Enquirer: 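My questions will all concern the structure given below.
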Amino acid sequence: MKGAKVTQAANTTEAADTTEGVSATARWTAAARADETRRDGALFSDPLAADLAGPEGFARYERYANPGTTEFLAIRTRYLDEVIGRSAELTQVVLVAAGLDTRSARLDWPAGTVLYELDQPGLMEEKEKRLAELGVRHRCVRHAVGTDLTGAWHEPLRAAGWDPSVPTLWIVEGLLFYLAEDDARALLARLADLSVPGGVLAGDLLSHQSMVSEFAREGLRRLAEDGCPWRWGTDRPEDVLAECGWTVREVKVPGEEGASFGRWPWPPLPRDQQGFPMNFLFTADV
Ligand SMILES: C[S@@+](CC[C@H](N)C(=O)[O-])C[C@H]1O[C@@H](n2cnc3c(N)ncnc32)[C@H](O)[C@@H]1O
């Protein structure tokens with residue numbers, strides 16, 4: 001495999017054990033990408049996703065299915081693919097909580113791109129093994145770093161070669177609501193602290209309604225039962241990002257221009273709409 005290398009922070013074994021349920025959510029989102037890949041007019045193609053998801057991923061995909069979830073997961077991936085495509089000048093990229101993401105193999109990266117993938121050590125080890133078995137060829141230089149994103153993860157990232165003097169594109173996809181709010185804010189703030197001018201952050205957040213809406217209740221119950229509860233959401237994503245040191249470029253809800261791709265079948269929910277779960281996609285500059 002071109003450029004593949006795994007490093008692991010020494011103090012992270014305990015974190016891997018206690019977050020097993022959350023790590024398994026990576027299989028769920030891989031199954032969602034596999035499902036999208038099979039659709040006519042798919043928003044992206046991820047041929048490795050079905051294999052990486054495995055039966056457990058597909059079982060979770062079915063178990064957590066909710067109106068809008070399937071559509072949103074496809075839109076989120078495409079949105080972030082487009083952010084990456086528009087940021088070709090940023091050749092240092094970090095997938096924060098990469099899970100079973102295969103962008104290293106499926107995107108057409110600019111020459112010289114160095115991609116770092118961060119996630120729980122257990123998950124990263126399992127992923128490296130499977131990618132090697134599948135003979136996956138990466139299309140950029142790639143470093144897999146097993147670490148706990150609520151700890152001193154920047155140290156193993158640096159040890160893997162990440163250069164603090166180079167502007168970084170950080171992608172935080174499907175992570176922030178699995179962390180306690182304080183941990184999520186600390187992570188966002190550290191990403192800003194580590195960034196030099198030109199750095200960009202893109203990812204997603206949940207609304208507070210997603211935590212309390214009756215339409216979310218059953219899904220939330222199942223996630224909690226499986227050891228991977230969603231922990232928080234905000235109706236003020238712009239403020240949260242600004243408070244953590246970021247200058248918001250855009251926040252979009254599914255269905256808005258640039259966050260629909262013909263895949264969201266409903267009008268976008270008004271931002272002040274109460275009672276319905278809502279997801280936010282964002283891009284911010286340091
Ligand atoms: C829903 S998955 C998303 C993965 C990937 N970004 C995607 O979209 O498919 C959430 C990921 O967050 C990771 N994660 C959650 N808490 C973490 C932590 N404290 N440290 C490292 N990774 C964490 C899990 O291991 C899992 O891979």
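Only heavy atoms go into these numbers, but all of them, side chains included; no hydrogens, no water, no symmetry mates. As the structure lists them, so they are numbered: ligands from 1, and atoms in each ligand from 1. It should be emphasised that the depicted structure is a prediction, and the values quoted were computed from it without experimental measurement.
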Enquirer: Test your reading of the structure: does Asp101 have an N or O sitting under 3.5 Å from an N or O of ligand 1?
Expert: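 Checking ligand 1 against Asp101, no N or O pair falls under 3.5 Å apart.
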
Enquirer: Which option wins on minimum heavy-atom distance to atom 26 (C) of ligand 1: Asp119, Leu187, Thr29?
Expert: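 The nearest heavy atom belongs to Asp119.
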
Enquirer: Could you check whether any side-chain heavy atom of Leu100 comes within less than 4.5 Å of a side-chain heavy atom of Glu126, counting everything from C-beta outward?
Expert: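 Answer no - side chains too far apart.
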
Enquirer: Tell me whether Leu179 has any N or O atom under 3.5 angstrom from an N or O of ligand 1.
Expert: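 There is no such contact.
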
Enquirer: Short list, please: which atoms of ligand 1 are under 4.0 Å from a heavy atom of Gly174?
Expert: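 So the answer, numbered in order with elements, is 1 (C), 2 (S), 3 (C), 10 (C).
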
Enquirer: Check ligand 1 against Ala26 and write out every atom of the ligand that is under 4.0 Å from a heavy-atom position of the residue.
Expert: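 Matching atoms, with element in brackets: 2 (S), 27 (O).
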
Enquirer: Identify which of Gln120, Lys127, Arg76 has a heavy atom lying nearest to atom 21 (C) of ligand 1.
Expert: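 Going through Gln120, Lys127, Arg76 one by one, Gln120 has the nearest heavy atom to atom 21 (C) of ligand 1.
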
Enquirer: If you count the atoms of ligand 1 from 1 in the order shown, which ones are under 4.0 Å from a heavy atom of Tyr178?
Expert: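 Answer, ordered by atom number: 1 (C).
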
Enquirer: If you count the atoms of ligand 1 from 1 in the order shown, which ones are under 4.0 Å from a heavy atom of Glu173?
Expert: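 What qualifies from ligand 1 is 3 (C), 5 (C), 6 (N), 8 (O).
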
Enquirer: Taking Leu43's backbone N and O only, do any of them form a donor-acceptor pair with Arg263's side chain (distance below 3.5 Å, no angle check)?
Expert: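 A pair under 3.5 Å: no.
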
Enquirer: Any idea which part of Thr147 is under 4.0 Å from ligand 1, heavy-atom wise: side chain, backbone, both or neither?
Expert: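 The answer is the backbone of Thr147.
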
Enquirer: Given Glu117, which of His143, Arg103, Arg142 fulfils the side-chain hydrogen bond (donor to acceptor under 3.5 Å, both in side chains) condition?
Expert: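 The passing option is Arg142.
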
Enquirer: Can you confirm whether more than 12 heavy atoms, excluding those of Glu133, are under 6.0 Å from its CD atom?
Expert: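 Correct, the count exceeds 12.
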
Enquirer: Can you confirm, on distance only, whether ligand 1 has an N/O atom lying under 3.5 Å from any N/O atom belonging to Leu100?
Expert: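 No: no nitrogen or oxygen of Leu100 is under 3.5 Å from one in ligand 1.
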
Enquirer: Taking only heavy atoms of Ala98 into account, list the atoms of ligand 1 that are under 4.0 Å away from them.
Expert: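 Near Ala98, meaning under 4.0 Å from one of its heavy atoms, ligand 1 has 4 (C), 5 (C), 6 (N).
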
Enquirer: For Thr25, is at least one N or O under 3.5 Å away from an N or O on ligand 1?
Expert: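 No, there is no polar N/O contact under 3.5 Å.
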
Enquirer: Could you verify whether a donor N or O on one side chain and an acceptor N or O on the other, from Tyr79 and Asp204, lie under 3.5 Å apart?
Expert: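 Distance-only check fails for Tyr79 and Asp204.
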
Enquirer: Could you tell me whether a side-chain N or O of Ser213 sits under 3.5 Å from a main-chain N or O of Gly275, the two making a donor and an acceptor?
Expert: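 It does hold such a pair.
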
Enquirer: Which of the atoms in ligand 1, numbered in the order shown and given with their element, are less than 4.0 Å from a heavy-atom of Arg33?
Expert: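 Once the distances to Arg33 are compared, the set is 7 (C), 8 (O), 9 (O).
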
Enquirer: Hey, are the side chains of Val286 and Leu201 touching, using non-hydrogen atoms and a 4.5 Å cut-off?
Expert: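 No; the side chains remain at least 4.5 Å from each other.
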
Enquirer: With atoms numbered from 1 as shown, which atoms in ligand 1 lie under 4.0 angstrom from a non-hydrogen atom of Leu123?
Expert: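 Selected atoms, number and element: 27 (O).
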
Enquirer: Is any side-chain heavy atom of Val93 closer than 4.5 Å to one of Trp109?
Expert: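 A side-chain contact under 4.5 Å exists here.
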
Enquirer: Give the single entry among Ala32, Ala53, Ala97 that approaches atom 12 (O) of ligand 1 most closely by any heavy atom.
Expert: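 The option holding the nearest heavy atom is Ala97.
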
Enquirer: What verdict does the salt bridge (Lys or Arg N to Asp or Glu O under 4.0 Å) test give for Asp183 and Arg231, after you've listed the backbone C-alpha separation in whole Å, the side-chain angles of each residue and the deciding distance to 0.1 Å?
Expert: CA-CA 11 Å; Asp183 286 333; Arg231 295 180 187 276; over 6 Å; no

Enquirer: Output the list of atoms in ligand 1 that are nearer than 4.0 Å to some heavy atom of Gly99, sorted by atom number.
Expert: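 It comes down to these atoms of ligand 1: 4 (C), 27 (O).
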
Enquirer: Only one of Tyr116, Phe282, Trp162 clears ring pair (Phe, Tyr, Trp, His ring centres under 6.0 Å) with Trp170; which?
Expert: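 Between Trp170 and the candidates, ring pair (Phe, Tyr, Trp, His ring centres under 6.0 Å) is satisfied uniquely by Trp162.
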
